[in-house]
Amino acid sequence: MSNTNQMPREEGIDHTLSLMREGYMYILNRRHGFNSDVFETRLFGKKAICMGGKEAAEVFYNTEKFRRKDAAPNRAVQTLLGKNGVQALDGQDHRHRKEMFMSIMSPDGLKKLTDITKNQWEMAVDKWEQIDEIILYEEVQEIMYRTACQWAGVPVQEDEVKKLTKDLVAMFESPAAIGPKHWLGRYARNKVEKSIGELINEVREGRVNPPENTALHTFSWHRNLEGNLLDTETAAVEVINILRPIVAIAIFINFTALAVHHYPEEREKLESGDERYAQMFVQEVRRFYPFFPFVAALVKKDFTWNSYKFEEGTLTLLDIYGTNHDPKIWENPDVFSPDRFAEWEGSPFTFIPQGGGDYLMGHRCAGEWVTIEVMKVSLDYLANRMEYDIPDQDLSYSMVSIPSIPHSKVVIKNVKRRI
Ligand code: HEM
């Protein structure tokens, strides 16, 4: 007698189109429909399992059960991720590479980052005071590009700033896009990998000397478990794994501006300068607004979970957006309420905007602390250090386009520094 049950299954040949049509809600809609945190479907032409919620996240981040090698769809590898980066490693190789990333996330490193971020905001406000109107999303991308390069030890060439910012943006805006926008992302990745690769060669030849403990220095001289330097292409992919996502924080900063605008009662609480409240606000922005819809892994070897069979090699998606909006975890999940984080117990499997589990043992985002610190600095400017008007515009955002960005990209007018 079998002690396994058939997983709830979405019938049909393939549901990739539904995934594209429903975006962030695809997995959550079916979790509600099947009344189950796990279901089977067919995506990208093959069998796939989708799951969400705390227990699902726990099993998904069990490295005995899931692996990452070959899990990411090719269109994400060619744009967002690059080849042979930390995201595709498993076991000892992953841990060793992840230690390289986490070594630059020290308290001292983060302090340098917040100082750089503040300085860049200061210069931006000076500039904006001279202009009638700005598109916040685009301006913040540039703030973040300059911040990322300075922090990572990558020299900035003034005449290249706009072009390179656009290239890094294309990498994270294009993985789910169709047609020219997608191809722009691939082109941008090839171009930036080449130029960062050349920079790494210059570091190794002693012609460029980035400060110690920066990403460029650390990654250029990092040795793998066999004692060899990373090949140039892989080292470039990893330096870009610092630059690109720091620029992507512009998306969360745009949503932060939206939250400050939509919830004026919160602004008063932020004005008190209470650091703890600022942290709670930023956490709620990361929970509430859509960014990463899901993460992908492959079943490492056959196992049974909750009486359902997981077969080796099956593509499995963990519902990031849906776990952050799971009513079993969050009271009134669709209400924006920073106060919920006052009592939050801090489980690594319930609040997963940047992945869950452990940083070193698993694939949880290496840049989560970076993101939080940069968002706190940016929130302070948006809520306390600037006055500005938000003219009529379309501030709505899609639950289908990935990544989602407010449609107007947040236009602001009459920026003045608050004294
Ligand atoms: C902009 C906001 C960000 C979001 C929404 C985000 C989200 C994520 C997610 C969902 C993952 C995958 C987790 C998994 O596979 O289980 C991830 C991994 C990663 N992120 Fe982020 N991230 C952000 C910012 C950053 C920043 C600022 C950095 C670097 C400074 C960074 C570096 C990385 C790296 C290196 C990985 C791969 C970790 C691994 O595979 O072990 N991310 N991120």
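The structure displayed is predicted, hence computed values, not measured ones. All ligand and atom numbering here is 1-based and tracks the order in the structure.
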Could you verify whether a donor N or O on one side chain and an acceptor N or O on the other, from [X] and [Y], lie under 3.5 Å apart?
| X | Y | value |
| --- | --- | --- |
| Asp339 | Ser337 | no |
| Tyr26 | Thr41 | yes |
| Glu40 | Tyr308 | no |
| Arg286 | Gln283 | yes |

Please find out if less than 6.0 Å separates the ring center of [X] from that of [Y].
| X | Y | value |
| --- | --- | --- |
| Phe288 | Phe281 | no |
| Trp369 | Tyr359 | yes |
| Phe101 | Phe219 | yes |

With a 4.0 Å cut-off on heavy atoms, does [X] reach ligand 1?
| X | value |
| --- | --- |
| His94 | yes |
| Phe60 | no |
| Arg68 | yes |

Distance under 4.0 Å to a non-hydrogen atom of [X]: what atoms of ligand 1 satisfy this?
| X | result |
| --- | --- |
| Gly362 | 41 (O) |
| Val370 | 27 (C) |
| Val86 | 35 (C), 37 (C), 40 (O), 41 (O) |
| Phe252 | 2 (C), 5 (C) |
| Phe101 | 35 (C) |

Min N/O separation Tyr359 to ligand 1 under 3.5 Å |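 Checking ligand 1 against Tyr359, no N or O pair falls under 3.5 Å apart.
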Heteroatom proximity flag, Tyr61 to ligand 1, N/O under 3.5 Å =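 Looking only at distances, the answer is yes, because the N/O contact criterion of under 3.5 Å is met.
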What protein heavy atom lies closest to [atom]? Include the residue and the distance to one decimal.
| atom | result |
| --- | --- |
| atom 5 (C) of ligand 1 | Phe291 CD1, 3.5 Å |
| atom 26 (C) of ligand 1 | Pro245 CB, 3.4 Å |
| atom 36 (C) of ligand 1 | Ala366 N, 4.0 Å |
| atom 10 (C) of ligand 1 | Phe292 CD2, 3.4 Å |
| atom 24 (C) of ligand 1 | Thr371 OG1, 3.4 Å |

Tell me which one of [options] gets a heavy atom nearest to [atom].
| atom | options | answer |
| --- | --- | --- |
| atom 17 (C) of ligand 1 | Ala71, Ala297, Cys365, Gly367 | Cys365 |
| atom 6 (C) of ligand 1 | Arg286, Arg97, Gln87, Gln354 | Gln354 |
| atom 40 (O) of ligand 1 | Glu373, His363, Met375 | His363 |

Side-chain (Arg204) to main-chain (Ser220) donor-acceptor, under 3.5 angstrom | yes
Check Met361 against His94 and note the closest heavy-atom contact, atom names and distance.
->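 Shortest heavy-atom contact: O-ND1, 4.2 Å.
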May I have the step-by-step check of side chain to side chain contact (heavy atoms under 4.5 Å, CB included) for Phe349 and Thr323, ending in yes or no?
-> CA-CA 9 Å; Phe349 300 108; Thr323 302; over 6 Å; no
Using heavy atoms and a threshold below 4.0 Å, how should the contact between Ile249 and ligand 1 be classified: side chain, backbone, both, or neither?
->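 Both the backbone and the side chain of Ile249 come within reach of ligand 1.
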With Phe291, the ring pair (Phe, Tyr, Trp, His ring centres under 6.0 Å) member among Tyr397, Tyr321, Phe252 =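 Between Phe291 and the candidates, ring pair (Phe, Tyr, Trp, His ring centres under 6.0 Å) is satisfied uniquely by Phe252.
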Evaluate the ring-ring contact (aromatic ring centres under 6.0 Å, His included) criterion for residues Phe341 and Trp330: first the C-alpha distance (whole Å), next the side-chain angles of each, then the deciding distance (0.1 Å), finally the verdict.
-> CA-CA 10 Å; Phe341 282 97; Trp330 307 99; 5.7 Å; yes
